[in-house]
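Beneath this line is the structure, given in structure tokens, with notes to follow.
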Protein chains: 2
Amino acid sequence: MAPRHAALRSHSDRGSASPPRWKQIQAELEEWLSDGRFTPGSRLPTEEELAQQFAVHRHTVRRAVEQLKHDELLRVEQGKGIFVREPSLSYRMGRTTKLSSAATRHGRSLRYRLISVDLVQAIKFGSPLGLPKGHPLIRLQMVRILDGRNIALSWCYYPLPRFEGIAQLIASTGSISAAMKHYGVEEINRKSARVRAVAPTTQDAKILGIERSTPMLEIIHLAIDERKIPIEFSVTRYDGRYFDILIDF
Amino acid sequence: MAPRHAALRSHSDRGSASPPRWKQIQAELEEWLSDGRFTPGSRLPTEEELAQQFAVHRHTVRRAVEQLKHDELLRVEQGKGIFVREPSLSYRMGRTTKLSSAATRHGRSLRYRLISVDLVQAIKFGSPLGLPKGHPLIRLQMVRILDGRNIALSWCYYPLPRFEGIAQLIASTGSISAAMKHYGVEEINRKSARVRAVAPTTQDAKILGIERSTPMLEIIHLAIDERKIPIEFSVTRYDGRYFDILIDF
DNA sequence: ACGGATTTGTTCGTATGTATG
DNA sequence: ACATACATACGAACAAATCCG
């Protein structure tokens, strides 16, 4: 009464509702990714090797990989192998580095879409930009679009009256730094940045079309011009799946 | 059939299931926090001022604030005011800055708890530490504990044979840098860091006692000694609610 | 530029356990 | 108890893309 296939036995033998083998393998592979054994961009063993290691058929491994591909954790290329998916955009952060140049270096298009422009009653404000309370600010809300996909939501604050009409300039030039040039800003220098992991607000989720459970990377940053005068304060939340920061020392 | 109180009317008048007023206020306050109008540590207007702005009773504001306090977005101090909660630990990241010194500067205790130690069969490895494939590594998994609360989970990799027995040293000294001294490492320099926002794995969630929906900040970092030899590769995921990174330029 | 080796993609087939009615 | 449908898992063969000498 021995079953023909040993592997099938293990399937039927499973005690009270253990998950299917391919799901177990999926979980195992997820652990491999999460504990750093395989870092973004690195190649996994071949399907055949994985099948041997897990003592299953190649199809079973493929089923697990398919799921991880769907979850955007892995990337598979025919003839090449299985790779750990890297974020669409790696931002090498520095004092003067611009996000847009990081995008073009990757051969990607980064655009903005303006959502709203309003004047902020800056009564309880001031602190981030180092301005006195009550100083008027213009506030832009915009979506950052990478290769046609909404990847981030930003609020940017600019002090008035210096940057009167900046919204139109950003909209027409499609670039913040280009718009800034019109106001005599030659250099945009990052003064400080705060990085956090947060959950999207309901508005974030709606505008970016993501789940509330999608982790986001929030960057709060303050920029100054060449005379060390604060020119921009912004809060940006990036979809964590497509964005990361690289820091070299 | 006129309602006795005008306030009740507005409540009963709500069109198809609009949320209660305090929830609307909570949402509004959440937006204030998320769009950068109030940054971590800053003080909100007084309850009375808020009540006036929203044209509600102070109690209604208090109900909203209570919820936000429970969600750990706000912190209320009697006689002082309502403050935007800041992460328990702000890590000013630099080439030589240690996390532990960031903790002590905040007057907090940062400890480690070792969870597992194992030898890694480094067949498909090597790349992160710049070592040839097959190089043996020791892998530690540990929990970082801030003021008695588990805030992060780390995997740390150290090349063998150089760091033979480092687990015992870390456990006994309670410090990685102290343990490193025993191996002749005077300086631990950060070479590179990658920062991402990710969801916790099931294991993360279990060990740290958090929901799967809690965003985490993942830092993958590579450290070198004074002779530029790689000495540590680590992956750490921090509970996003209690941790952020500050970068000054 | 060619050819063989490697690796993933696709399509057959077989067998078994599970859920449904 | 039975028929049906579906998910799971293994086996074999070949196609297509890639790599390397």
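In what follows, every chain begins at residue 1, and chains take the letters A, B, ... in the order their sequences are listed.
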Using atom [atom1] of [X] as one end and atom [atom2] of [N] as the other, report the distance to the nearest whole Å.
| X | N | atom1 | atom2 | value |
| --- | --- | --- | --- | --- |
| A:E47 | C:dT6 | CD | P | 16 Å |
| A:E66 | D:dA7 | CD | C1' | 13 Å |
| A:E48 | C:dT6 | CD | P | 12 Å |
| A:R58 | C:dT7 | CZ | C1' | 8 Å |
| A:F54 | D:dC10 | CZ | P | 13 Å |
| A:R43 | D:dA17 | CZ | C1' | 14 Å |
| A:I25 | D:dC10 | CD1 | C1' | 12 Å |
| A:E77 | D:dA16 | CD | P | 19 Å |

Taking only residues two or more places apart in sequence, or in another chain, which ones meet B:N150 in a side-chain contact (heavy atoms from CB on, under 4.5 Å)?
B:R113, B:V143, B:I145, B:L208
Given D:dG11, D:dA9, C:dG9, the nucleotide with the shortest approach to the side chain of A:H57
D:dG11
To the side chain of A:V56, which of C:dT10, D:dA9, D:dC10 is closest?
D:dC10
Please determine whether a side-chain nitrogen or oxygen atom of [X] lies at a distance below 4.0 Å from atom OP1 or OP2 of [N].
| X | N | result |
| --- | --- | --- |
| A:T60 | D:dC10 | yes |
| A:K80 | D:dC19 | yes |
| A:R21 | D:dT8 | no |

Do we see a donor-acceptor contact under 3.5 Å between the side chains of B:E218 and B:Y238?
no
Modelled atom types, side-chain donor and acceptor of A:E28 and A:W32, under 3.5 Å
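A:W32 and A:E28 do have a side-chain donor-acceptor pair below 3.5 Å.
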Check whether any side-chain heavy atom of A:M180 sits under 4.5 Å from a side-chain heavy atom of A:I188, and report yes or no.
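In contact.
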Parallel, tilted or perpendicular, judged at 30° and 60°: which one describes the rings of A:Y91 and A:F243?
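If you compare the ring of A:Y91 with that of A:F243, the planes turn out tilted.
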My understanding is that a pair needs two contacts under 3.5 Å, Watson-Crick or G-U wobble. By that rule, which nucleotide pairs with C:dT16?
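Base partner found: D:dA7.
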Judged by each residue's nearest nucleotide on DNA chain D, which is more toward the 5′ side, A:H59 or A:R63?
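Final value for this comparison: A:R63.
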